[in-house]
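Working notes, structure below.
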Protein chains: 2
Amino acid sequence: MPDSIAISPPLTPKKEEILTISARLFAQKGYAAVSMRELASETKMTPAALYHHYADKEALYYAALLHVFTDKASAIIELTKGRESSETKLKNLILWLIRLFSRDEIFTLLLQRELLDGNSARIKLLTREVIEPPFLEVERLIGKLVPNRNPKSLAVSAMSLILGHFQLMPILRNLTIEHSSAPIIDQEHALADTVRALIMGQSSKATETRGAF
Amino acid sequence: MPDSIAISPPLTPKKEEILTISARLFAQKGYAAVSMRELASETKMTPAALYHHYADKEALYYAALLHVFTDKASAIIELTKGRESSETKLKNLILWLIRLFSRDEIFTLLLQRELLDGNSARIKLLTREVIEPPFLEVERLIGKLVPNRNPKSLAVSAMSLILGHFQLMPILRNLTIEHSSAPIIDQEHALADTVRALIMGQSSKATETRGAF
DNA sequence: TTCACCTAAACGAACGTTCAATAGGGAAAA
DNA sequence: TTTTCCCTATTGAACGTTCGTTTAGGTGAA
């Protein structure tokens with residue numbers, strides 16, 4: 001048994017640093033708008049040194065995607081194994097899912113860009129590593145809690161609501177909404193309440209007590 | 001009084017053709033991934049001819065944005081002036097909003113890209129011309145129909161749900177969902193039912209009769 | 001004649017990428 | 001211990017291509 005658990009990606013510290021910085025740049029500006037020279041400059045290397053670690057720009061981009069996406073949903077297992085009620089599990093799962101996006105901007109940006117420009121293989125990676133695990137668990141809990149409705153379409157709606165919320169963020173700042181001032185943790189809980197209301201099919205008073213987004 | 005109503009953009013047919021083709025390319029590949037030579041080739045001109053009509057690439061891109069976004073939400077006036085009940089108005093408004101995205105892929109792609117890369121001025125354009133008009137009307141109707149809840153946060157959630165649904169589309173094809181086969185008009189109504197259920201705070205049986213997405 | 005519209009050709013800059021050369025550090029040989 | 005060797009990591013420089021853009025000149029309708 002090896003000391004380290006992560007044996008799948010044998011990343012040297014240097015490679016890890018490259019991928020972290022590359023992921024940030026690709027997330028902020030998009031694939032086509034980032035040059036190898038800029039990546040080299042940010043990682044304090046020459047372009048030629050970059051090519052020693054990765055065959056070309058696309059390989060570097062894909063490695064950065066893997067670095068950010070792989071095992072992103074692995075923490076789900078913790079949430080589903082507990083002794084809590086299904087209702088509590090769903091609540092925790094939704095909150096965990098929301099924090100996945102709200103607390104990792106680079107991850108969220110890369111995901112949004114991949115949804116626009118990802119080819120079939122990359123969309124499959126995204127589905128398998130990020131979306132599907134929480135989706136299946138949400139669907140399972142809905143089947144238990146709200147059996148008279150279609151769990152699949154309801155789970156899709158829940159994911160859409162969460163994703164759409166973060167997609168809409170840049171516009172919310174222009175809609176004269178008093179949300180921005182609220183602490184992040186309150187915004188997370190408010191969104192979680194809305195998602196739960198959508199699933200349970202009843203208005204939760206919590207959205208009132210917690211205020212708007 | 002001129003014959004034509006649209007006096008704001010005095011677009012020649014040639015310019016209109018340029019903008020239509022440019023909007024398609026920018027929507028499909030993104031600003032940085034489209035070259036002036038490609039735009040010239042698609043419009044059957046030389047690059048230099050393109051520069052006769054637009055000062056530079058950014059001006060052309062912004063003009064294409066204006067062409068696609070401007071007055072996109074003007075049809076709302078028709079929906080709000082009628083004699084129908086507020087409930088019917090809301091229903092029609094939601095359906096109209098959904099069709100805005102589902103029946104104009106170029107518009108939807110440009111909007112999603114602008115939400116990622118748009119600067120402050122462009123986000124404001126997007127807000128003013130596209131998002132805010134239906135948003136305010138949805139908010140107003142919610143205030144009438146569900147007065148005990150926060151209209152603003154509920155309207156935001158409705159918009160998020162719709163936008164997120166189309167953002168999630170590429171992944172739905174990988175989630176083994178039986179939705180894709182359904183006619184577009186049924187998908188539109190199913191989504192509309194979900195949005196109304198979110199607003200009215202009750203599960204609508206319609207999502208069952210119409211099936212999943 | 002004029003002027004909007006177009007062309008061919010080229011500009012310098014930036015792009016992705018390659019290559020020969022070299023520095024550095026640990027293992028192997030002396 | 002010292003020397004040799006080797007391999008990884010890195011460099012400066014350059015390759016050819018494509019980029020956004022400009023220039024000088026042409027064409028055809030009013």
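Residue numbers start from 1 in every chain, and the chains themselves are labelled A, B, ... in the order their sequence lines are given, proteins ahead of strands. When reading the values below, keep in mind they use all heavy atoms of this one structure, side chains included, and skip hydrogens, waters and symmetry mates. Everything quoted here is computed from the prediction, not taken from an experiment.
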Report yes if some heavy atom in the side chain of A/L97 is under 4.5 Å from a heavy atom in the side chain of A/V195; otherwise report no.
-> no
What integer distance in Å separates [X]:[atom1] from [N]:[atom2]?
{"X": "A/D56", "N": "D/dG16", "atom1": "CG", "atom2": "P", "answer": "20 Å"}
{"X": "B/K44", "N": "C/dT7", "atom1": "NZ", "atom2": "P", "answer": "12 Å"}
{"X": "B/K57", "N": "D/dT21", "atom1": "NZ", "atom2": "P", "answer": "8 Å"}
{"X": "B/Y54", "N": "D/dT21", "atom1": "OH", "atom2": "P", "answer": "15 Å"}
{"X": "B/M45", "N": "C/dA8", "atom1": "CE", "atom2": "P", "answer": "13 Å"}
{"X": "A/L60", "N": "C/dT17", "atom1": "CG", "atom2": "P", "answer": "10 Å"}
{"X": "B/L50", "N": "D/dC19", "atom1": "CG", "atom2": "P", "answer": "14 Å"}
{"X": "B/E38", "N": "D/dC19", "atom1": "CD", "atom2": "C1'", "answer": "12 Å"}

So with a 6.0 Å cut-off around CD of A/E17, is the heavy-atom count from everything else above 12?
-> yes
Counting heavy atoms not belonging to A/E38, are there more than 12 under 6.0 Å from its CD?
-> yes
Using distance alone, with no hydrogens and no angle criterion, decide if [X] and [Y] have a side-chain donor and acceptor under 3.5 Å apart.
{"X": "B/E132", "Y": "B/T127", "value": "no"}
{"X": "A/E188", "Y": "A/S102", "value": "yes"}
{"X": "A/T70", "Y": "A/E129", "value": "no"}

Nearest to the [X] side chain among [options], which nucleotide is it?
{"X": "B/A48", "options": "C/dG16, C/dT7, D/dT10", "answer": "C/dT7"}
{"X": "A/H52", "options": "D/dT23, D/dG12, D/dT8", "answer": "D/dT8"}
{"X": "A/A49", "options": "D/dT11, C/dC6, C/dG16", "answer": "D/dT11"}
{"X": "B/Y51", "options": "C/dT7, D/dT11, D/dT21", "answer": "D/dT21"}

May I ask you to verify if any side-chain N or O of B/H53 is less than 4.0 angstrom from the OP1 or OP2 atom of C/dC6?
-> yes
Closer than 4.0 Å, any side-chain N/O of A/T46 to the OP1 or OP2 of D/dG12?
-> no
Quick one: on DNA chain C, does B/T12 or B/P47 contact a more 5' nucleotide (nearest heavy atom)?
-> B/T12
Should the pair B/F107 and B/F69 be assigned to parallel (<30°), tilted (30 to 60°) or perpendicular (>60°) ring geometry?
-> perpendicular
Among residues 14-36 of chain A, which contact DNA chain C at a heavy-atom distance under 4.0 Å?
-> A/V34, A/S35, A/M36
